[in-house]
S.K.: 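Below is one structure. I have some questions about it.
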Number of protein chains: 4
Amino acid sequence: MTGGRRRSETSRLAILDAARDLLLEGGYEQLTIDAIAGRAGVGKQTIYRWWGSKGAVVADAALEGGLAQPLTPLPDTGDIETDLRRWLRAWTEHLTTAQGTGLILALTAATADDHTVADVLFERFTQPHEQLLRDRLERARGAGQLASDAPVPTIASVLIGSLLYRVLTRQAPPTVDDADLVVRLVLGGAG
Amino acid sequence: MTGGRRRSETSRLAILDAARDLLLEGGYEQLTIDAIAGRAGVGKQTIYRWWGSKGAVVADAALEGGLAQPLTPLPDTGDIETDLRRWLRAWTEHLTTAQGTGLILALTAATADDHTVADVLFERFTQPHEQLLRDRLERARGAGQLASDAPVPTIASVLIGSLLYRVLTRQAPPTVDDADLVVRLVLGGAG
Amino acid sequence: MTGGRRRSETSRLAILDAARDLLLEGGYEQLTIDAIAGRAGVGKQTIYRWWGSKGAVVADAALEGGLAQPLTPLPDTGDIETDLRRWLRAWTEHLTTAQGTGLILALTAATADDHTVADVLFERFTQPHEQLLRDRLERARGAGQLASDAPVPTIASVLIGSLLYRVLTRQAPPTVDDADLVVRLVLGGAG
Amino acid sequence: MTGGRRRSETSRLAILDAARDLLLEGGYEQLTIDAIAGRAGVGKQTIYRWWGSKGAVVADAALEGGLAQPLTPLPDTGDIETDLRRWLRAWTEHLTTAQGTGLILALTAATADDHTVADVLFERFTQPHEQLLRDRLERARGAGQLASDAPVPTIASVLIGSLLYRVLTRQAPPTVDDADLVVRLVLGGAG
DNA sequence: CGATAAACGAGACGGTACGTCACGTCTTCAT
DNA sequence: ATGAAGACGTGACGTACCGTCTCGTTTATCG
């Protein structure tokens, strides 16, 4: 059993592109498999053959479609406060755009809907970003800029969580000042 | 001109109960208006007459159906660290149960899906809880347990956000130790 | 258990009309449930709610849509040969039209496809027509125009079968002369 | 023009066998090219390379697959009534088996569906059988057992039509007695 | 011999139609 | 007037097959 046509890379990319475009145009609710197939010029079965659900397509589109913030290491100016500010400000600004907000909401809906999507996204999106943050924090701890017993994973999750909370409440989008306050709080405490 | 049948309280409660039960059994995706109507022994029109969407019913069910953590003021032992720990531990334990996790995921999905639901939930669920937290924090600031310039709203959103992040990643549920670490971080800082 | 909207007679008729029109336009193969629903301005579910299959709709359309030869008693001029000729000629002419042929082919396909359709059509289309024929034949036997032991059911089925054979072979359509020959054969024999 | 692989006889037979088996198992409707290819262990392209449509495969399977009653000349005992009885009884018994009925229904469905199939089947199945019947009838007429003006083609089509009618109505299968009545009617008439 | 080329099994592709589900609206009858 | 029942038009779902199109692989003929 050797034969068989190979998977079409053209179709794969057309599907991810279509999903990304439709997501940004109309949000997760408006996104349908029929629309993706139509826009991509592809049969529905070609989608179902390779992805198990709408959420899985969205996750892939986010990861490969260039939707998400690129996964670049945090800058290391030597000063942890400066670097965390920069990182959090960049995300904050990303989440100020309709595109950034829509994406996170879509991914959140997909995550809350479907455990398998949650796992994929955690492994390939959330976890890597969190890891970059942890790496920078560990280096800061090594350099004596953080307490030797500073709970690095907790710091990372708190920083990310505060962003998430802002997006999900769907009230005012987070501002640069908010970002700075969070960094100051996490580094300096409120006591 | 005067008369007419009054709204049936029985039906109202049956609908909220049915929505709650179905939500906990199958999650937000499995929840349908038809199923709620069927389980509640109610016509669909009776639901649409009083609620505008599935999300609105879910929000109401969460709020009135006894699903959510009751909205009680934080204890005030005089020590802010003790009180925050208690509050965060209580939520952490609530989110350890399948029911608690399922509820938050359902409400998150509803929030990410539907802006109007997001508003209702924010106003009647998120904001009140955040307000309780803020009240206690303000009192602590007045008592000199927090710095005079402590950013109370930021503290509150960071505490809630860290919980949310744990639930949404759907990895390990948060533990009591995690809760304590978050409180210590927020109060003492990592620097 | 009393309430509920009643079945829409408008929709019922629109469906049968659409099925009839599409059948005559494109044949049984081109006929799809989607097309019927679209043409009738009706949801597919409304079709599936009341008919079990495409064949069932076609059968109904044939019966109620005015497609089939009307079910009128055979004339009784007193002479059985004249009356049988008239009956068989009328059918022959009906089957000379594209409409008549298409209908019979469609009903035949539906019958061969689906046992339940076969039963419905037999009971409401084939059998009634056969019964009319038998009634006239019995009267002729009573009047002494047929042998006292003439096998009336056999005569009826032979007359109908000869028509069917002509349509199904899809060669030349039957002619008036063919009809007369069949009648003469059945009445007079070939011996 | 250099060489090239020759058509595989193994595959050809496997396809016809598979088509025949599936036809008898599920009827024309259930028969799909995918199923034939799968059962025959053959690629779909191999089917489409040599046959133009499902109907063409079915026709070939019926003709070469040994499904149909073998095409043997009618016996000639010298007595036309005896011989017609034998012929009609043989067919009647063939159509009493599930296999015989299923085959005729499938071929009828294929015929009603697809004009090209109708032509192929008429030419290679129906016509030859009808010809055998006509040959015997002509001989009988020559021998003075039939009237000199006996309409031989009409007799043949009436005999076959009566069988077809019985199968298609899908009520009771025809019996040996029915066969005898038809023969007597056709030879002796009802008058 | 090798090179060439057609036919092969396999199976992915763009499509069409399927039959089902849920939506939110609309009668209908009973309370 | 409100409620339970449930049919309605709409539209997305996920599946089944269609007929076409690559893929290597096999098998024959020809140079």
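Side-chain atoms are counted along with the backbone in the values below, which use heavy atoms only and exclude waters and symmetry mates. Letters A, B, ... are given to chains in the order of the sequence lines, protein chains preceding strands, and every chain is numbered from 1. In this text the structure is predicted, and so the values were computed from the model without any measurement.
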S.K.: Which one of D/Leu24, D/Val57, D/Leu23 satisfies the side chain to side chain contact (heavy atoms under 4.5 Å, CB included) criterion with D/Leu31?
M.R.: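 Among the candidates, only D/Leu23 passes.
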
S.K.: Name the residue closer to the 5' end of DNA chain E, choosing between A/Gly43 and B/Lys54 according to the nucleotide with the nearest heavy atom.
M.R.: A/Gly43

S.K.: Taking atom P of E/dC8 as reference, at what distance in whole Å does atom CZ of D/Arg12 sit?
M.R.: 12 Å

S.K.: Under 4.0 Å between a side-chain nitrogen and a carboxylate oxygen: does that hold for B/Asp119 and A/Arg170?
M.R.: no

S.K.: Would you mind telling me which residue lines up with the more 5' stretch of DNA chain F, B/Thr46 or A/Thr32, judged by nearest nucleotide?
M.R.: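 Its nearest nucleotide being more 5', the pick is B/Thr46.
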
S.K.: Does any N or O in the side chain of B/Thr111 come within less than 3.5 Å of the main-chain N or O of B/Leu107, such that one atom is a donor and the other an acceptor?
M.R.: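 Confirmed, B/Thr111 side chain pairs with B/Leu107 backbone.
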
S.K.: Quickly work out the B/Ile15 CD1 to F/dT2 P distance and round it to whole Å.
M.R.: 14 Å

S.K.: As a test of reading the structure: which of F/dA4, E/dC13, F/dG24 is closest to the side chain of A/Ser8, going by heavy atoms?
M.R.: E/dC13

S.K.: Need to verify one output field. Residue with the more 5' nearest nucleotide on DNA chain F, D/Asp34 or B/Gln45?
M.R.: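 So the residue in question is B/Gln45.
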
S.K.: Please say which of A/Lys54, A/Arg124, A/Arg20 ends up in a salt bridge (charged side-chain N to carboxylate O under 4.0 Å, His left out) with A/Asp60.
M.R.: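 Single pass found, and it is A/Arg124.
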
S.K.: I want to check one thing: is the phosphate of F/dC8, taken as OP1 and OP2, less than 4.0 Å away from some side-chain N or O of C/Arg49?
M.R.: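 It does, given that an N or O in the side chain of C/Arg49 lies less than 4.0 Å from OP1 or OP2 of F/dC8.
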
S.K.: OP1 or OP2 of E/dT27 less than 4.0 angstrom from a side-chain nitrogen or oxygen of C/Arg5, does that happen here?
M.R.: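 Yes, C/Arg5 has a side-chain N/O under 4.0 Å of OP1/OP2 on E/dT27.
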
S.K.: In this structure, how many angstroms lie between the C1' atom of F/dA7 and the CD1 atom of C/Ile47, rounded?
M.R.: 14 Å

S.K.: What nucleotide among F/dC18, E/dC13, F/dC13 has an atom nearest to a side-chain atom of A/Ser11?
M.R.: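 Side chain of A/Ser11 sits closest to E/dC13.
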
S.K.: Quickly work out the D/Leu22 CG to F/dA16 P distance and round it to whole Å.
M.R.: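 Answer to the nearest Å: 16 Å.
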
S.K.: Would you say D/Arg6 places a side-chain N or O within less than 4.0 Å of OP1 or OP2 belonging to F/dT29?
M.R.: yes

S.K.: Rounding to a whole Å, what distance do you find between B/Ile33:CD1 and E/dC21:P?
M.R.: 18 Å

S.K.: OP1 or OP2 of E/dG11 versus the side-chain N and O atoms of A/Trp50: is any pair under 4.0 Å?
M.R.: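 For A/Trp50, the contact criterion (side-chain N or O under 4.0 Å from OP1 or OP2 of E/dG11) is not met.
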
S.K.: CG of A/Leu31 versus P of F/dG11: gap in Å, rounded?
M.R.: 17 Å

S.K.: Please check the phosphate of E/dG24 (OP1 and OP2 only) for any side-chain N or O of B/Ser53 closer than 4.0 Å.
M.R.: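 The answer is no; no side-chain N or O of B/Ser53 sits under 4.0 Å from OP1 or OP2.
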
S.K.: What's the CD-P distance between D/Glu29 and F/dC18, to the nearest Å?
M.R.: 11 Å

S.K.: Is A/Trp51 close enough to F/dG14 that one of its side-chain N or O atoms is under 4.0 Å from OP1 or OP2 there?
M.R.: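 False: A/Trp51 side-chain N/O out of range (4.0 Å or more) of F/dG14 OP1/OP2.
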
S.K.: Just by distance, do the side chain of B/Thr108 and the backbone of B/Ile104 share a donor-acceptor pair under 3.5 Å?
M.R.: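 Between the backbone of B/Ile104 and the side chain of B/Thr108 there is a qualifying donor-acceptor contact (under 3.5 Å).
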
S.K.: Rounding to a whole Å, what distance do you find between B/Arg39:CZ and E/dA22:C1'?
M.R.: 17 Å

S.K.: Between C/Tyr48 and A/Val42, which is nearer to the 5' end of DNA chain E once each is assigned its nearest nucleotide?
M.R.: A/Val42

S.K.: Counting just side-chain N and O atoms, does A/Arg7 come under 4.0 Å of either OP1 or OP2 of E/dG11?
M.R.: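 No, because none of the side-chain N or O atoms of A/Arg7 sits under 4.0 Å from OP1 or OP2 of E/dG11.
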
S.K.: Determine, for C/Glu25 against C/Arg39, whether the closest basic-nitrogen to carboxylate-oxygen distance falls under 4.0 angstrom.
M.R.: yes

S.K.: So, under a plain 3.5 Å distance rule, would you say the side chain of D/Lys44 forms a donor-acceptor pair with the base of E/dG9?
M.R.: no

